[in-house]
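This report concerns only the one structure given below.
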Amino acid sequence: MFHRFLILSSILLGLIASAEASSRATVDNDFVQKQFGDTCDALTTFPPYVGDLDGDGIEDIVIPAHCKNPMSDQAEHSFHVIDPYYTFFGYGNPSVTTSFVTDDPSTKGLSLLVIHGLGTEAWRADSPKAKFVIVNLPFKAVRIKKLQLRKRSVDAIFVEEKGGDHMTSATFWDGKKYRYEPMGSTLE
C-alpha cells in the first residue's frame with residue numbers, strides 16, 4: 001500500500017514539474033508577439049509569474065516585458081493598455097502617460113503583460129478571457145503573492161520599484177480593473 005502511494009506521489013510530482021517546465025518553456029518572444037504584437041519583447045531577466053489574479057479559479061500569467069509602443073497594437077491584438085500607477089497619483093490616461101519623460105531612462109517601456117486565462121487551457125488559450133499591458137510601473141523585482149483586502153485575500157502583483165526609496169507596491173484586480181496600492185518602503 002505504501003509502495004503504491006510512493007509511486008503515485010512521484011508520478012504526480014513529475015507531472016507537476018513537467019507542467020511548470022512547459023508553462024515556462026512556452027513563454028518566449030514568439031508567444032509574447034503573437035499575443036501582444038511586435039512592439040513588445042519579453043524580458044529574459046525575469047521569469048513569467050503564474051497565479052489567479054482575477055479570482056475565477058483559472059490560472060493567469062504575468063510576463064515582464066519591454067514595449068516600445070503598445071498603444072499601436074491594442075486593437076489588433078485585443079488587449080487594454082492600462083496605467084494603474086499614474087491613476088493612483090491622479091491621472092492615468094495611458095495615451096498621455098506613456099509619453100511622459102522618466103527620471104530613469106531604464107524604466108522607459110517597462111511593462112507587465114497580463115493574460116487572464118479561460119477554460120482548461122487557462123492563459124495558453126488562443127482567445128484568453130482578457131489581456132492587459134500595465135505600463136509605467138518602474139519595477140526591478142516582481143512576484144505574485146496574496147494580498148489581504150478587508151474580508152478576503154487575492155493574488156496580487158507585488159513589485160519592488162526602482163528608485164532610491166525602495167518602494168514596494170501591489171497591483172491587484174478589484175473585479176473591474178487593476179488598482180495600484182503602495183505598500184511602503186523596505187527597511188534597508
Side-chain angles (χ1 to χ4, degrees), residues 16 19-20 23-24 27 32 35-36 40 42-43 45-65 67 70-71 74 78-98 100 102 107 109-125 127-188:
I16 291 171
E20 288 176 356
S23 72
R24 288 191 189 117
V27 178
V32 166
Q35 293 290 333
F36 295 95
C40 292
L43 293 175
T45 54
F46 295 95
Y49 302 92
V50 177
D52 182 16
L53 297 172
D54 60 354
D56 64 356
I58 298 174
E59 194 175 71
D60 306 318
I61 191 165
V62 176
I63 306 165
C67 296
M71 301 297 287
Q74 70 178 340
S78 302
F79 62 82
H80 301 283
V81 178
I82 58 173
D83 191 347
Y85 180 77
Y86 279 118
T87 298
F88 178 82
F89 291 109
Y91 188 72
N93 182 349
S95 61
V96 175
T97 61
T98 54
F100 286 174
T102 63
T107 63
L110 282 181
S111 304
L112 295 176
L113 310 177
V114 179
I115 301 175
H116 288 186
L118 181 67
T120 57
E121 293 182 355
W123 57 267
R124 296 171 204 84
S127 297
K129 185 178 182 180
K131 297 186 289 187
F132 300 92
V133 175
I134 300 174
V135 296
N136 293 326
L137 192 57
F139 61 87
K140 68 178 178 182
V142 180
R143 60 192 154 278
I144 294 180
K145 296 171 57 174
K146 291 285 186 193
L147 174 67
Q148 188 66 40
L149 297 174
R150 293 191 177 119
K151 295 181 181 180
R152 64 185 175 109
S153 66
V154 297
D155 282 353
I157 305 165
F158 280 80
V159 300
E160 185 178 331
E161 297 178 9
K162 286 187 174 187
D165 55 359
H166 301 284
M167 282 290 291
T168 302
S169 64
T171 304
F172 63 94
W173 181 255
D174 71 357
K176 295 181 182 178
K177 62 181 179 177
Y178 276 96
R179 299 173 65 86
Y180 170 87
E181 187 69 35
M183 305 301 288
S185 61
T186 62
L187 298 176
E188 291 179 2

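All of these numbers come straight from a predicted model, not from anything done at the bench. Excluded from the calculations below are hydrogen atoms, water molecules and symmetry mates; all remaining heavy atoms, backbone and side chain alike, are included.
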Write down the atom of Ile58, the atom of Gly117, and the distance for their closest heavy-atom approach.
CG2-C, 3.7 Å
When rounded to the nearest 0.5 angstrom, what distance separates CG in Leu113 from CZ in Phe79?
8.0 Å
Considering only heavy atoms from C-beta outward, does the side chain of Val96 approach that of Tyr91 to under 4.5 Å?
yes
Might you point out which heavy atoms bring Gln148 and Arg150 nearest each other, and give the distance in Å?
NE2-O, 3.3 Å
Is the side chain of Gln74 donor-acceptor paired with the backbone N or O of Val81 at a distance under 3.5 Å, no angle test?
yes
For Gln35 and Ala125, the nearest pair of non-hydrogen atoms, with its separation, is NE2-O, 4.1 Å
Should the ring pair Tyr180 and Tyr85 be called parallel, tilted or perpendicular, given that the plane angle runs from 0 to 90° and is split at 30 and 60?
perpendicular
Can you tell if the side chain of Val142 reaches within under 4.5 Å of the side chain of Tyr49, non-hydrogen atoms only?
yes
Non-hydrogen atoms of Cys67 and Val133 that approach each other most closely:
SG-CG1, 4.4 Å
I want to check something: taking the side chain as every heavy atom from C-beta on, are Lys131 and Val114 in contact at a cut-off of under 4.5 Å?
no
Residue that, paired with Phe172, satisfies side chain to side chain contact (heavy atoms under 4.5 Å, CB included) out of Asp54, Leu53, Leu149:
Leu149
Closest heavy-atom pair, Ser169 versus Pro182, reported as atoms and distance to 0.1 Å, is CB-CA, 4.0 Å
Pair Trp123, Val50 - check side-chain contact (heavy atoms from CB on, under 4.5 Å), show working.
CA-CA 9 Å; Trp123 57 267; Val50 177; 4.2 Å; yes
Ring centroid separation Tyr178 to Phe132 under 6.0 Å:
yes
Is it true that a side-chain atom of Asp52 and a backbone atom of Glu59 form a donor plus acceptor pair closer than 3.5 Å?
no
Under the side-chain contact (heavy atoms from CB on, under 4.5 Å) criterion, do Ile61 and Val27 qualify, and how do the steps go?
CA-CA 10 Å; Ile61 191 165; Val27 178; 3.6 Å; yes
State, yes or no, whether a side-chain contact exists between Leu147 and Met183 at a heavy-atom distance under 4.5 Å.
yes
Correct closest heavy-atom pair for Pro128 and Ile115 would be CB-CG2, 3.5 Å
Decide yes or no for Ser111 and Ile63: does some side-chain heavy atom of the first lie under 4.5 Å from some side-chain heavy atom of the second?
no
How far does CD of Glu160 sit from NZ of Lys140, to the nearest 0.5 angstrom?
4.5 Å
Under 4.5 Å between any side-chain heavy atoms of Leu137 and Leu110, yes or no?
no
With no hydrogens and no angle check, just 3.5 Å: does a side-chain donor-acceptor pair link Thr171 and Glu181?
no
How far does OG1 of Thr87 sit from CG of Asn136, to the nearest 0.5 angstrom?
9.5 Å
Would you mind reporting whether Ile157 and Ile134 have side-chain heavy atoms less than 4.5 Å apart?
yes
Just checking, is any N or O donor in the side chain of Asp60 or His116 under 3.5 Å from an acceptor N or O on the other one?
no
Stepwise, does the salt bridge (Lys or Arg N to Asp or Glu O under 4.0 Å) test hold for Asp155 with Lys146?
CA-CA 5 Å; Asp155 282 353; Lys146 291 285 186 193; 3.1 Å; yes
NZ (Lys145) and CZ (Phe158) are apart, to the nearest 0.5 Å, by 5.5 Å
Student check: side-chain heavy atoms of Asp56 and Lys129 closer than 4.5 Å
yes
Once you measure the plane-to-plane angle for Phe46 and Phe139, does it fall in the parallel (<30°), tilted (30-60°) or perpendicular (>60°) bin?
perpendicular
